[in-house]
Amino acid sequence: MPMGRLTKGVFNPDEIEILSRVFAATSASNETEEQKEHRASRIIANYMAGITDERELIELSRKPLGR
């Protein structure tokens with residue numbers, strides 16, 4: 001996991017690109033703004049927990065929470 005984010009408190013451009021692709025890959029046409037925000041938060045939380053593989057982030061983001 002890149003240390004820049006941990007020391008500066010921000011994501012670098014490569015990380016933003018990965019997170020954006022994951023967000024786009026997991027979108028649903030009928031999502032509300034609230035659902036989009038929850039999905040984005042979940043993607044970021046998984047990434048910050050150390051899951052940096054794009055495919056794994058996509059897979060986890062598609063699974064229902066708490067099930």
Side-chain angles (χ1 to χ4, degrees):
M1 178 174 3
M3 291 303 291
R5 176 173 34 82
L6 297 176
T7 57
K8 297 179 185 175
V10 297
F11 293 111
N12 69 45
D14 291 337
E15 292 172 313
I16 296 291
E17 181 127 349
I18 290 169
L19 295 170
S20 295
R21 284 195 305 263
V22 172
F23 186 78
T26 58
S27 68
S29 60
N30 59 346
E31 267 184 316
T32 65
E33 287 302 313
E34 184 178 1
Q35 289 169 322
K36 288 178 186 179
E37 287 180 22
H38 285 291
R39 183 167 45 88
S41 294
R42 186 173 177 191
I43 292 167
I44 291 169
N46 283 330
Y47 187 83
M48 291 183 74
I51 301 166
T52 57
D53 180 75
E54 192 170 330
R55 284 185 231 153
E56 189 173 0
L57 285 167
I58 290 170
E59 182 180 326
L60 288 171
S61 297
R62 287 184 174 153
K63 289 184 178 180
L65 274 177
R67 293 182 191 165

Shortest non-hydrogen contact between Leu60 and Arg42, atoms and distance: O-NH2, 2.9 Å
task: Compare every heavy atom of Leu19 with every heavy atom of Ile43, then report the nearest pair and how far apart it is.
output: CG2-CD2, 3.7 Å
message: Between Glu17 and Asp14, does the side-chain contact (heavy atoms from CB on, under 4.5 Å) criterion hold? Intermediate values first, please.
response: CA-CA 5 Å; Glu17 181 127 349; Asp14 291 337; 5.6 Å; no
- request: Apply the test side-chain contact (heavy atoms from CB on, under 4.5 Å) to residues His38 and Glu31: give CA-CA distance (whole Å), side-chain angles for both, the deciding distance (0.1 Å), then the verdict.
  value: CA-CA 10 Å; His38 285 291; Glu31 267 184 316; over 6 Å; no
- prompt: Can you tell if the side chain of Met48 reaches within under 4.5 Å of the side chain of Phe11, non-hydrogen atoms only?
  reply: yes
field: N/O donor-acceptor pair under 3.5 Å between Arg39 side chain and Phe23 backbone
entry: yes
message: Using the salt bridge (charged side-chain N to carboxylate O under 4.0 Å, His left out) criterion, which residues pair with Glu34? Sequence neighbours excluded.
response: none
query: Can you list every pair that meets salt bridge (charged side-chain N to carboxylate O under 4.0 Å, His left out) and has a residue in residues 47-57, with sequence neighbours left out?
result: Arg21-Glu54
query: From Leu57 CG over to Asn46 CG, what is the distance, rounded to the nearest 0.5 angstrom?
result: 6.0 Å
